[in-house]
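Note sheet for the following structure.
Below, chain A is the first sequence line, B the second, and so on; all start at residue 1. Just so you know, these numbers use all the heavy atoms, side chains as well, and skip hydrogens, waters and symmetry mates.
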Amino acid sequence: MLGNVCGLCGRSLSSTSSLERHLRYHRGERRYACAHCPYRAVARDKLVRHLHIHTGHRPHRCHLCPFAAIQATDLRKHIRSKHPTETITPP
DNA sequence: CAGCAGGGGGCGT
DNA sequence: CGCCCCCTGCTGT
Ligand SMILES: [Zn+2]
Ligand SMILES: [Zn+2]
Ligand SMILES: [Zn+2]
């Protein structure tokens, strides 16, 4: 029905699962704690990403320059601004 | 411009 | 329900 609206903040979520997860965020279910800093992640995936920062893992490497990003999105952003894609050729 | 954290969509188990 | 991928916003250098 696409009517998954949060009664706490009024956000609309696409699926019931997403809404339930959203409610968990409101509840502050940060059960994933980092072993190197007082950071506590809301989701396991976020903790893994955070751990990459400590471990120095940089799986996303730019093939146009010696830049390495921890988060995949960061690499994309880097390419978008630094190497403004020859495919769309900017002015 | 680069880095980090929050939050959402979608698919598989 | 759990896991993975993607986009967005804020802050610091
Ligand atoms: Zn809400
Ligand atoms: Zn940490
Ligand atoms: Zn690059």
Let me know the distance between CZ of A:Arg76 and C1' of B:dA2, rounded to the nearest Å.
16 Å
Residues that A:His54 engages under side-chain hydrogen bond (donor to acceptor under 3.5 Å, both in side chains), provided they are two or more places apart
A:His50
Listed partners of A:Thr16 passing side chain to side chain contact (heavy atoms under 4.5 Å, CB included), at least two apart:
A:Asn4, A:Glu20
Rounded to whole angstroms, how far apart are CG on A:Leu8 and C1' on B:dG7?
15 Å
Should side-chain heavy atoms under 4.5 Å link Ile, Leu, Val, Met, Phe, Trp and Tyr, which residues sit in the same cluster as A:Ile70?
A:Ile53
Can you measure A:Arg44 atom CZ to B:dG7 atom C1' for me and round it to whole angstrom units?
17 Å
Any side-chain N or O of A:His22 below 4.0 angstrom from OP1/OP2 of B:dG8?
yes
Taken in chain and number order and not counting sequence neighbours, the residues that satisfy side chain to side chain contact (heavy atoms under 4.5 Å, CB included) with A:Arg40 are A:Arg30, A:Ala33
Partner set under side chain to side chain contact (heavy atoms under 4.5 Å, CB included) for A:His26, not counting sequence neighbours
A:Cys6, A:Leu8, A:Cys9, A:His22
To the nearest 0.5 Å, what is the distance between CG (A:Asp45) and OH (A:Tyr32)?
10.0 Å
Between CG of A:Asp45 and C1' of B:dG10 the distance, given in whole Å, is 13 Å
First contact, last contact: which nucleotides of DNA chain C are these for chain A, 5' to 3', heavy-atom distance under 4.0 Å?
C:dC1 to C:dG9
Rounded to whole angstroms, how far apart are CG on A:Leu64 and P on B:dA2?
12 Å
Could you list the residues that satisfy ring pair (Phe, Tyr, Trp, His ring centres under 6.0 Å) with A:His60, not counting sequence neighbours?
none
Check nucleotides 3-6 of chain B against the protein and report each pair of N or O atoms closer than 3.5 Å, with its distance, or say if there are none.
residue: B:dG3; atom: O6; partner: A:Lys77; partner atom: NZ; Å: 3.3
residue: B:dC4; atom: N4; partner: A:Asp74; partner atom: OD1; Å: 3.0
residue: B:dA5; atom: OP1; partner: A:His50; partner atom: ND1; Å: 2.9
residue: B:dA5; atom: OP2; partner: A:His50; partner atom: ND1; Å: 3.3
residue: B:dA5; atom: N7; partner: A:Gln71; partner atom: NE2; Å: 3.1
residue: B:dA5; atom: N6; partner: A:Gln71; partner atom: OE1; Å: 3.0
residue: B:dG6; atom: OP1; partner: A:Arg30; partner atom: NH1; Å: 2.9
residue: B:dG6; atom: OP2; partner: A:Tyr39; partner atom: OH; Å: 2.8
residue: B:dG6; atom: N7; partner: A:Arg49; partner atom: NH2; Å: 3.0
residue: B:dG6; atom: O6; partner: A:Arg49; partner atom: NH1; Å: 2.9

Plane angle bin for A:His78 and A:His83 - parallel if under 30°, tilted between 30 and 60°, otherwise perpendicular:
perpendicular
Find the bend of the helix from B:dC1-C:dG12 to B:dG12-C:dC1 as the angle between its two terminal axes (five pairs each), to the nearest 10°.
0°
In chain order, what residues pass the side chain to side chain contact (heavy atoms under 4.5 Å, CB included) check against A:Ser81, with sequence neighbours excluded?
none
